[in-house]
Amino acid sequence: MAGHIIAVVGGKGGVGKSIFAANLAIAYLQNFKQRPLLVDLDLAALGDQNIILGQNPAKSIVDVSKMPPGPIDPKALAPFMVNAPQGYSYIGAPRDAILSRDLDLDGLGRFLKNVTNVFNFVVIDCGQGTDPSAMKVMESATAIFVVTTADVIVINQTKRILGKIAELLFPPEMVQIVVNRYSQNSIISPQIIQKNLNRPLFGVIPEDSATCESALAKSTPLCLANPSAPITRAYHDIVRKIQQTNLLETLAKLKKPTGAASKMQSQLQVIQGGAAPGESGKDGVSNLRSAVGPVDPWTQMKLRIHKALIDAMDLKKTDTNTTDPKQRAVLRERTQKAIFDILNSEDTGGLLSSRELKSQMVKEVLDEALGLGPLEDLLGDDNVTEIMVNSRDQIYIEKNGRNELSKTTFSSEQQMMNVIERIVTPLGRRVDEKVPFVDARLPDGSRVHVIIPPLALRGPTITIRKFPKKRILYKDLIQFGSMTEEIADFLRACVEGKLNIVVSGGTGSGKTTLLNVLSNFIPATERIITVEDSAELQLGQEHVVRLETRPKNIEGEGEVSIRDLIKCCLRMRPDRIVVGECRGGEALDMLQAMNTGHSGSLTTLHSNNPRECISRLETLVMMAGLNLPAKAIKENIAAAVNVIIQQTRLPDGSRRVTHISEVTGMQGDVISLQDIFLFKQEGLDKKRKIIGRFVPTGFIPKFVEEMEAKGMKISRGLFATK
């Protein structure tokens with residue numbers, strides 16, 4: 001009877017997947033006294049199993065894949081594998097990334113089809129399980145063991161692997177989850193992991209770093225180095241469970257897909273680049289020549305340098321996400337020096353023939369190691385105000401208010417996911433199949449929105465609203481034509497006079513920028529509390545408390561909403577409350593704050609004009625779920641809001657204040673509005689830019705008298721029609 005192949009994969013580098021594969025094979029040997037075969041097909045790790053086993057094979061799985069067609073028997077395999085005296089056989093991985101690309105998928109398939117006639121139990125270390133060679137193994141495997149740990153990011157990546165396996169139509173029963181390095185003190189229990197992965201756990205291996213380090217130092221598998229340790233008993237329990245439940249015999253009857261490797265080949269049009277530091281399994285060296293075609297020499301060199309950099313600096317243990325500017329500068333300088341050292345020892349083959357090319361190579365490797373890869377240049381361009389990544393090979397940017405297609409691309413979706421992980425991880429946020437979208441921010445304050453499959457059909461989508469390096473002041477808005485000096489003075493008086501102001505506008509119209517300008521009109525003597533989903537506001541005052549919401553954790557708990565923070569504000573003795581944006585029931589809390597002694601509060605809202613702003617406010621208050629009568633809601637709005645400022649993005653890309661309106665009260669069941677200033681469009685210039693001017697309507701706001709009573713001077717001539 002033919003034997004069985006066990007494919008072992010890990011959702012992320014560093015989960016102990018290679019150690020698991022080696023000790024699973026040894027535990028089988030010790031329990032059933034049959035010689036197992038261990039195959040190292042982790043073409044990114046390039047020889048980790050050699051260290052774990054203490055072996056140094058002359059041949060590799062690449063050589064096996066090139067064997068001529070024909071029957072496979074122990075004699076034919078003998079030159080390619082090590083028959084260890086302990087009783088197991090071993091075929092290693094190539095030690096060079098370039099050699100790994102010579103692996104022949106068809107030859108690997110022939111080997112997998114016949115090797116079970118020689119060995120009853122074959123364990124294959126498949127790396128992270130997303131390249132064509134791993135898929136080829138899974139097509140022939142009886143079971144797929146996915147190794148994970150009690151770590152939020154690892155669990156996220158494990159979900160990615162499970163999703164890919166399901167996408168390629170492998171039966172879900174094939175997949176068995178093993179939790180490695182589990183500590184009783186861990187906050188994330190096996191039950192939580194099982195719930196998040198939506199799959200039962202097959203086994204749990206305890207944390208025992210001392211035994212593991214000792215075994216690695218001896219280059220001996222755990223099960224041989226310390227047969228009586230609890231961690232060794234855990235491996236024996238897993239092997240016995242496989243036998244007692246007849247797992248392999250049951251799974252062998254399942255129908256497996258036959259085109260998974262071919263499908264993966266077609267998806268890999270370019271080499272997978274841009275690995276996050278410390279994740280060498282994603283750095284692209286696992287791609288096969290037969291899978292992706294020839295790789296250009298520039299990319300080959302970049303991959304070699306990047307991998308050498310990870311090894312040289314041990315980036316796996318380096319905090320590359322530090323937000324301390326001094327630490328980042330030191331890390332960047334140290335990394336740059338390491339890259340130059342690697343380049344000096346690298347045979348460039350004439351590829352870096354000039355200083356400019358050498359500098360470009362250093363920059364690209366630096367961006368991959370410490371930055372956001374291909375997005376770094378766009379983030380550094382002051383003329384780019386928005387970056388819209390529709391897919392890995394389609395990135396649009398906004399310049400001067402107009403969208404244009406950028407020449408910049410990602411090399412793969414995996415590179416995009418690495419960039420996304422680098423953005424959200426330092427903020428304690430996550431994005432995965434359970435929560436496939438997230439709002440975040442970059443260290444400079446730029447706002448980021450990410451949405452990933454299955455919601456995004458073309459792959460991960462990233463939208464970055466860039467934060468200006470220089471804080472925008474009202475003088476800048478005057479220079480841009482967004483408002484006039486007179487309107488700026490009027491708005492300053494409104495803020496200083498403690499009027500409650502709502503900034504209304506569409507997406508990308510400049511609401512947050514205008515809110516930031518208005519917030520800086522608040523006197524420095526007042527205590528300001530800002531509440532935002534993603535902290536963007538830049539206030540020049542010193543007496544400022546900044547609050548930011550928090551999403552749910554991996555257990556679905558711990559969420560802190562805008563509503564929660566607004567309620568907290570009321571207990572923090574604020575003079576002013578500034579809410580970044582009202583999107584839901586928090587609108588009621590904001591109105592309550594405005595009506596209960598916190599005059600001068602500011603917020604923004606999505607709407608197309610002041611009248612729609614009022615309607616939307618009513619709708620948002622209803623979302624609070626208190627079933628308030630419509631008239632009570634309208635009275636609340638009329639009493640709370642004094643001024644609505646409409647910010648609009650015009651067809652030519654310019655952003656203007658188009659309406660400044662006063663909420664004058666109630667007339668029957670309708671909230672009455674009165675425009676104070678309007679932007680009147682008068683035509684287009686030769687460059688198709690809108691020509692217009694700001695005109696007063698002749699209406700003098702009711703609040704002017706109140707402001708004058710407080711000693712503020714406002715010229716009545718400002719409101720006269722011209």
Side-chain angles (χ1 to χ4, degrees), residues 7-17 42 44-45 125-135 137-138 144-170 172 174-180 188 192-199 201 257 260-261 263-264 267-268 272-284 286-287 373 389 391-392 410-425 429-438 440 450-462 553-554:
V8 177
V9 302
K12 193 174 189 295
V15 298
K17 166 261 316 163
D42 188 343
D125 180 355
C126 296
Q128 293 187 25
T130 54
D131 57 66
S133 62
M135 292 301 164
V137 173
M138 292 181 194
I144 303 168
F145 275 75
V146 179
V147 181
T148 188
T149 62
D151 177 273
V152 173
I153 297 204
V154 173
I155 293 171
N156 283 345
Q157 294 296 332
T158 303
K159 287 183 178 180
R160 178 180 60 83
I161 290 291
L162 296 178
K164 179 60 70 175
I165 293 172
E167 177 188 326
L168 295 171
L169 304 179
F170 286 97
M174 281 185 69
V175 181
Q176 309 299 322
I177 309 292
V178 174
V179 179
N180 193 24
I188 303 176
I192 292 173
I193 297 173
Q194 182 170 294
K195 181 179 178 182
N196 275 273
L197 297 180
N198 197 28
R199 291 180 184 254
L201 302 183
K263 186 173 181 180
M264 184 61 67
Q267 291 178 359
L268 291 174
Q272 292 183 345
E279 295 176 33
S280 58
K282 301 175 190 173
D283 63 4
S286 60
N287 290 274
V389 184
S391 60
R392 68 159 194 85
F410 284 92
S411 59
S412 68
E413 290 185 6
Q414 182 58 58
Q415 187 187 19
M416 291 182 68
M417 290 304 299
N418 293 333
V419 167
I420 291 169
E421 186 177 324
R422 174 160 289 171
I423 292 171
V424 302
T425 301
R429 305 204 172 192
R430 65 192 181 99
V431 58
D432 51 41
E433 288 184 7
K434 186 174 182 181
V435 185
F437 53 86
V438 68
V450 171
I451 186 165
I452 65 171
L455 301 188
L457 301 182
R458 294 177 60 188
T461 301
I462 308 170
N553 60 21
I554 195 168

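We're numbering straight along the sequence, starting at 1.
- Here Lys17 contributes atom NZ and Asp42 contributes atom CG; the two are 3.5 Å apart, rounded to the nearest 0.5 Å.
- Ile177 CD1 to Thr148 OG1: the interatomic distance, rounded to the nearest 0.5 Å, is 7.5 Å.
- Side-chain contact between Thr158 and Ile193: absent, with no pair of heavy atoms (C-beta onward) separated by less than 4.5 Å.
- From Met417, atom CE reaches atom CD1 of Ile462 across 9.0 Å, with rounding to the nearest 0.5 Å.
- Contact annotation: the side chain of Val15 never approaches that of Asn180 to less than 4.5 Å [non-hydrogen atoms, C-beta and beyond].
- In this structure, Pro460 and Met416 approach most closely via the heavy-atom pair O-CE, 2.9 Å.
- Between Ile451 and Ala456, the shortest heavy-atom distance links the atoms O-CB, 3.7 Å.
- By the 4.5 Å heavy-atom criterion applied to side chains, Lys159 and Leu197 are counted as neighbours.
- Nearest heavy-atom pair, Cys126 versus Ala7, reported as atom, atom and distance to 0.1 Å: SG-CB, 4.0 Å.
- Between the side chain of Asp125 and the backbone N or O of Gly127, at least one donor-acceptor pair lies under 3.5 Å.
- Proximity of Glu421 to Asn156: side-chain heavy atoms (C-beta onward) are nowhere separated by under 4.5 Å.
- Partners of Pro172 under the side chain to side chain contact (heavy atoms under 4.5 Å, CB included) rule, at least two apart in sequence or in another chain, are Arg199.
- Contact of the Phe170 side chain with the Met135 side chain is registered, since non-hydrogen atoms from C-beta on lie closer than 4.5 Å.
- The CZ atom of Arg160 sits 12.0 Å away from the CG atom of Asp432 when rounded to the nearest 0.5 Å.
- For the residue pair Leu455 and Phe437, the shortest heavy atom distance occurs at CD1-CD2, 3.8 Å.
- Minimum heavy-atom separation, Thr461 to Val389: CG2-O, 3.1 Å.
- With contacts defined as side-chain heavy-atom distances shorter than 4.5 Å, the pair Lys164/Leu168 qualifies.
- When only modelled atom types and interatomic distance are considered, Gln157 and Gln128 share no side-chain donor-acceptor pair under 3.5 Å.
- Looking at Ile192 and Ile155, their side chains never come closer than 4.5 Å, going by heavy atoms from C-beta outward.
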